[in-house]
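Residues take their numbers from the sequence shown, with the count starting at 1.
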Amino acid sequence: MSRSTTALVVPELNGKFQLQQIYLNDIQPDEVLVEIVASGFCHTDLSCALGLLPCAPNAVLGHEGAGIVISTGPEVTGLTPGDKVLLSFSFCGSCRECASGHPAYCHSFNERNFGGARPDGSGTTAMLSTKGGEKLFSSFFGQSSFSKHTLVHKSSVVKVAPETDLALFASLGCGMQTGAGAVLNTLDVKEGSTVAVFGVGSVGMAAVMAAGLIRKAKTVIAIDLQQSRLDLAKELGATHGIIGSAKDVVEQIKALCPPTGVDYAVDCTGVPAVVRTMIDALGVRGRAATVGAPGPGHVAHVDIMTHLTYGKEYVGCSEGDSLPAEFIPHLMEMHAQGRFPLERLIEYYDIKDFEQAIEDAKSGKTIKPVLKWSSIN
């Protein structure tokens, strides 16, 4: 065991986190030891902590890490101690999907990211509890960045410039790239088109910014249960907002995008009824993508005849179908141009105030909490 450190651990699958001392195993040849500066808190972390998505007790979650390289294994190239890095999902790098430039669909996705395994499927764990030395459920998305120090698979690491504000850009590792990538990669939204985004939390807001400010869609409709989020969305690229609890959401969308509905749509909720509404709101040859993850077993019903005669498409979208080493720098450049103002979504919390951060995320008070680790030695 190479060192002890402090991590945010989920002892049981009840949604509760605890700061605990843990041990890191010795660094492996394909790993990077990173000191975490900031960790974005994603809804996926909470869903795993609750057991709604695949997880196990004694988990160290976190998959939007940002930090500084301490050391590297012998198989790692292009990184040196002191480098600033952003962390994203890990992937094997050799399967058909990885080789074709779509690592978000790496064949070992479940084992790699939700199952706590390494990208080669070996299932080794990088962390041990100080309570008897039992293994912790770790290597989450290849990083388990809810830890002051963590061992990260080399595929998860994106090197950034020395002047990078790590706390600001930590959330690019998952949520922001997922929403933006759904628009820019999976759907490839065209300038002058019409777009609906269902659910404007952090992922949905990223989709709104990508559609309105980057791709310059003519009409961008945000749909959400909270008026405050709709108001913010209209400051960040949306042209219209609709309260999601209204009984006539589809009719309102069609009125804004006559005669049959929107060209593109993104679901960020994973709620089957919302997915059905999204598909119904598509116009002729409209294309929709789901990025919300409800867990296994949830089914959305489709009117097959309407789907066929209108030529609609409905696809899944994992991690924005992005190649993080290229897409994260692209989003940073969009931010520099004022076309991806993610700072409007972020609230910072000291890691010791993690419970407040989680409560604020649950209530909707904070769209994207980012935990800072500076108070932990």
Check the pair M278 / T290 against side chain to side chain contact (heavy atoms under 4.5 Å, CB included), numbers first and verdict last. CA-CA 9 Å; M278 174 181 71; T290 279; 4.0 Å; yes
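- Side-chain contact between V60 and T150 is absent, with no heavy atoms from C-beta onward closer than 4.5 Å.
- A donor-acceptor pair under 3.5 Å is formed between the side chain of Q143 and the backbone N or O of H63.
- Put simply, the side chain of K84 gets close to the backbone of P162: a donor and an acceptor are under 3.5 Å apart.
- Looking at heavy atoms from C-beta onward, F41 lies in side-chain contact with L46 at the 4.5 angstrom threshold.
- Put simply, the side chain of R339 gets close to the backbone of I214: a donor and an acceptor are under 3.5 Å apart.
- We find the CD1-OG1 distance between I27 and T72 to be 6.5 Å, quoted to the nearest 0.5 Å.
- Around the NE2 atom of H149, the shell of radius 6.0 Å holds more than 12 heavy atoms that belong to other residues, nucleotides or ligands.
- Considering every non-hydrogen atom in both R3 and I70, the closest pair reads NH2-CG2, 4.2 Å.
- Both V152 and I376 are assigned to one and the same hydrophobic cluster, defined by single-linkage of ILVMFWY side chains at heavy-atom distances under 4.5 Å.
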Given the rule in the side chain to side chain contact (heavy atoms under 4.5 Å, CB included) test, do V262 and L282 qualify, once you have shown the distances and angles that lead to the verdict? CA-CA 5 Å; V262 288; L282 287 176; 4.1 Å; yes
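- With contacts defined as side-chain heavy-atom distances shorter than 4.5 Å, the pair E343/H335 qualifies.
- Both I279 and L256 are members of a single hydrophobic cluster when ILVMFWY side chains are connected at heavy-atom separations under 4.5 Å.
- Going from atom CG of L86 over to atom CE of M332 covers 6.0 Å, rounded to the nearest 0.5 Å.
- At least one side-chain heavy atom of F89 sits less than 4.5 Å from a side-chain heavy atom of P103.
- How far CG of L345 is from CG of L232: 6.0 Å, rounded to the nearest 0.5 Å.
- At distances below 3.5 Å, at least one donor-acceptor pair connects side-chain atoms of S156 with backbone N or O atoms of S88.
- Annotation: Y314 is not in aromatic contact with H307 [ring centroid separation under 6.0 Å not met].
- Pairing each heavy atom of W373 with each of L8, the nearest pair is CH2-N, 4.1 Å.
- Judged by distance alone, with hydrogens and angles left aside, the side-chain atoms of R287 form a donor-acceptor pair with the main-chain N or O of T186 at under 3.5 Å.
- With 3.5 Å as the limit, one finds a donor-acceptor pair spanning the side chains of Q177 and S322.
- Between E251 and K254, no side-chain nitrogen of the basic residue sits less than 4.0 Å from a carboxylate oxygen of the acidic one, so the salt-bridge criterion is not met.
- With a 6.0 Å radius and a threshold of 12 heavy atoms from other residues, nucleotides or ligands, K365 has its NZ atom at or below the threshold.
- When all heavy atoms of A180 and L331 are compared, the closest pair comes out as CB-CD2, 3.9 Å.
- Here the side chains of L172 and V158 are not in contact, with every heavy-atom distance at 4.5 Å or above.
- Heavy-atom contacts from other residues, nucleotides or ligands closer than 6.0 Å to CG of D248 number more than 12.
- Closest heavy-atom contact between L236 and M205: CD1-SD, 4.2 Å.
- Residues T277 and I253 are not in side-chain contact: their nearest non-hydrogen atoms beyond the backbone lie 4.5 Å or more apart.
- The structure places CG of D263 at 7.5 Å from NZ of K218, a figure rounded to the nearest 0.5 Å.
- Atom OG1 of T44 is separated from atom CG of L61 by 10.0 Å, given to the nearest 0.5 angstrom.
- Side-chain N or O atoms of S39 include one that pairs as donor or acceptor with a backbone N or O of S145 at under 3.5 Å.
- Considering every non-hydrogen atom in both D30 and E75, the closest pair reads CB-OE1, 3.6 Å.
- Between S155 and H153, the side chains place a donor N or O and an acceptor N or O closer than 3.5 Å (distance only, hydrogens not considered).
- One hydrophobic cluster, built from ILVMFWY side chains closer than 4.5 Å, cannot hold both V271 and I243; they sit in different ones.
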Can you check side chain to side chain contact (heavy atoms under 4.5 Å, CB included) on S375 and I351, steps first, answer last? CA-CA 7 Å; S375 65; I351 187 59; 3.8 Å; yes
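- Side-chain atoms of V275 and F198, non-hydrogen and from C-beta on, never get closer than 4.5 Å to each other.
- Put simply, the side chain of F146 reaches to within 4.5 Å of the side chain of F17, judged on heavy atoms.
- Checking side-chain atoms of T239 against main-chain N and O of V220 turns up a donor-acceptor pair under 3.5 Å.
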Side chain to side chain contact (heavy atoms under 4.5 Å, CB included) between Y264 and R215, intermediate numbers included: CA-CA 12 Å; Y264 305 96; R215 283 295 167 88; over 6 Å; no
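- The pair K154-E31 fails the salt-bridge criterion, with no side-chain N (NZ, NE, NH1 or NH2) lying under 4.0 Å from an Asp/Glu carboxylate O.
- In this structure a side-chain-to-backbone donor-acceptor pair under 3.5 Å is missing from K368 to S202.
- Closest of all the heavy-atom pairs between A246 and Q252 is CB-NE2, 3.8 Å.
- When hydrophobic clusters are built by joining Ile, Leu, Val, Met, Phe, Trp and Tyr residues whose side-chain heavy atoms come closer than 4.5 Å, directly or via intermediates, I36 is not grouped with I328.
- Around OH of Y310, the count of heavy atoms belonging to other residues, nucleotides or ligands within 6.0 Å does not exceed 12.
- The closest donor-acceptor contact from the side chain of H240 to the backbone of I221 lies at 3.5 Å or more, if one exists at all.
- Note that CE of M176 and CD1 of I346 are 5.0 Å apart. Values are rounded to the nearest 0.5 Å.
- At least one donor-acceptor pair under 3.5 Å links the side chain of D45 to the backbone N or O of G62.
- Hydrophobic clustering places L342 together with M334 (ILVMFWY residues linked when any side-chain heavy atoms are closer than 4.5 Å, directly or through intermediates).
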